[in-house]
Amino acid sequence: MQPVTTAALPDLPPCGAPAAAAPPVPGAQPIALPCGTALWLLPQRAVWWPAQCMVLVADVHFGKAATFRRAGQPVPHGTTGDNLARLDALLQVTGARHLVFLGDFLHARSGAAEALWQQLVPWRNRHAAVHMTLVRGNHDAHAGDPPAALGIALVNEPWAPVPGAALRACHHPQTTDGATVLAGHLHPTVTLRGLARDRLRLPCFAWSPGLLVLPAFGAFTGASGLPPAPDTLCFAVAGDRVQGLPPA
C-alpha cells in the first residue's frame, strides 16, 4: 500500500449550500453518513457533497480507448470528448468548487499521448476556478501522474479532507479513525431480472457499513456484477435518476 498522505481542503469561500440542500439535479438520491455528512448520489454517476461544494467521480480512465487502439483493437473514437462533456455538465449543474477523482484518472501510460493533453488542457483552462484533486489509484500507479499543466493536486489514499469521511481509490473499508470510506475501483453494477426472464444490468452505488463505492464515470470502462449481500444497499443509476433497491 502507498504511504498515507493527508492534505487540507483548499482555501475556498464558504459554499453557502446547507447540508440538507435541495437536490442539484432531478432524480438524485440523498444519503447521510454515520458522521452526519449529507451526500447526494447523482444520476451522472457522481456524488455531490454540498457542505464542501465538492463533487466526486471515480474511474474516468482517460486514454483507455487510445490504449486499445494502439494494441490493434478496433474501438470507437470520441470517448474523451464524451467524458469531458459530461464533466462540464456536472460542474455546471452542481456549481462545484472542488472536483475529486477517486482513482484511475488515466488508464495506461500508452494512452497518455499528446492528443489526449490537447483535449484535457483546454478543458482544464475552462474550469480554472475549480480546484481538482486526484486520489491516486492502481492504474495511476502505472500510467503516471497527469502533467502539471492540468493543475490537479495529487494525493495518496486514504485522504481525509474532513473528519468522518475518507476518500480512497480502492475499496478497502478499513481506516485508522473509523471514518466512512468513499471509493471507486470496483465499477459496480446490479442486474435487475423480470418475470419474462429479461435482465437489465445497470451501474450502481454500493453502500455497506463503512464503505460507499461509486460507479465508474468513464464512458469506456468495464463493469463488475455486485454479489448479493444482506448488508449492502444498492442504488441503481437508471437513466436520469438514482433508484434505491431492496436489500439482497
Side-chain angles (χ1 to χ4, degrees), residues 2 5 7 9-10 12 42 44-49 52-71 73-157 159 161 167-170 182-185 187 203 214-223:
Q2 298 175 352
T5 299
L9 284 172
L12 296 174
L42 306 184
Q44 289 86 349
R45 300 186 223 171
V47 169
W48 169 235
W49 189 340
Q52 298 295 330
C53 269
M54 179 189 292
V55 67
L56 303 99
V57 299
D59 302 295
V60 179
H61 286 270
F62 281 121
K64 182 175 180 178
T67 298
F68 277 46
R69 286 192 294 271
R70 284 174 179 267
Q73 301 184 43
V75 297
H77 292 263
T79 57
T80 297
D82 179 78
N83 286 334
L84 294 179
R86 291 166 54 229
L87 286 172
D88 284 339
L90 184 61
L91 292 173
Q92 180 177 7
V93 75
T94 61
R97 295 174 183 163
H98 194 171
L99 171 61
V100 175
F101 297 94
L102 295 180
D104 296 354
F105 181 83
L106 296 173
H107 180 74
R109 192 175 297 274
S110 60
E114 182 62 28
L116 178 62
W117 309 134
Q118 288 177 358
Q119 294 183 75
L120 289 182
V121 171
W123 170 82
R124 182 65 178 103
N125 289 336
R126 293 199 304 272
H127 301 287
V130 178
H131 188 81
M132 297 188 186
T133 299
L134 167 62
V135 183
R136 294 184 180 101
N138 62 313
H139 277 265
D140 302 299
H142 300 288
D145 293 331
L150 290 182
I152 297 176
L154 305 170
V155 297
N156 295 330
E157 60 174 359
W159 178 48
L167 310 183
R168 301 194 71 134
C170 296
L182 281 69
H185 182 65
H187 304 196
L214 280 65
F217 183 86
F220 183 52
T221 58

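Small disclaimer: the values here were computed from a predicted structure and weren't measured. Starting from 1, each residue takes its place in the sequence as its number.
For Asn125, the side-chain hydrogen bond (donor to acceptor under 3.5 Å, both in side chains) test picks out no residue, with sequence neighbours left out. Not counting sequence neighbours, the partners of Ala153 by the side-chain contact (heavy atoms from CB on, under 4.5 Å) test are His131, Thr133. Residues that satisfy the side-chain contact (heavy atoms from CB on, under 4.5 Å) test with Ala58, not counting sequence neighbours, are Leu102, Leu214.
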request  = Determine, stepwise, if the pair Leu154 / Arg136 fulfils side chain to side chain contact (heavy atoms under 4.5 Å, CB included).
outcome  = CA-CA 7 Å; Leu154 305 170; Arg136 294 184 180 101; 3.4 Å; yes
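For the pair Leu87 and Phe101, the tightest heavy-atom approach, listed with the atom from each and the gap, is CD1-CE2, 4.2 Å. Residue Arg45 comes nearest to Pro203 through the heavy atom pair NE-CG, 4.1 Å, listed as atom of the first residue, atom of the second, then distance. The two residues Gln119 and Gly81 make their nearest non-hydrogen contact at OE1-N, 3.8 Å. Looking at every heavy atom in both residues, Phe62 comes nearest to Leu84 through CZ-CD2, 3.7 Å.
Leu99 has its side chain out of reach of Ile152: every pair of non-hydrogen atoms, C-beta onward, lies at least 4.5 Å apart. Between Phe105 and Asp145, the closest side-chain pair of non-hydrogen atoms is not below 4.5 Å. Taking the side chain as every heavy atom from C-beta outward, Thr94 and Leu42 approach each other to under 4.5 Å. Taking the side chain as every heavy atom from C-beta outward, Asp104 and Val60 never approach each other to under 4.5 Å. Taking the side chain as every heavy atom from C-beta outward, Asp88 and Trp123 approach each other to under 4.5 Å.
A donor-acceptor pair is defined here as one N or O able to donate and one able to accept, closer than 3.5 Å; such a pair exists between the side chain of Arg86 and the backbone of Phe217. Here the side chain of Arg124 pairs no donor or acceptor atom with the backbone of Ala149 at under 3.5 angstrom.
Atom CG of Leu120 and atom CG of Leu106 lie 8.0 Å apart (nearest 0.5 Å). Here NE2 of His127 is found 5.0 Å from CG of Leu91. Values are rounded to the nearest 0.5 Å.
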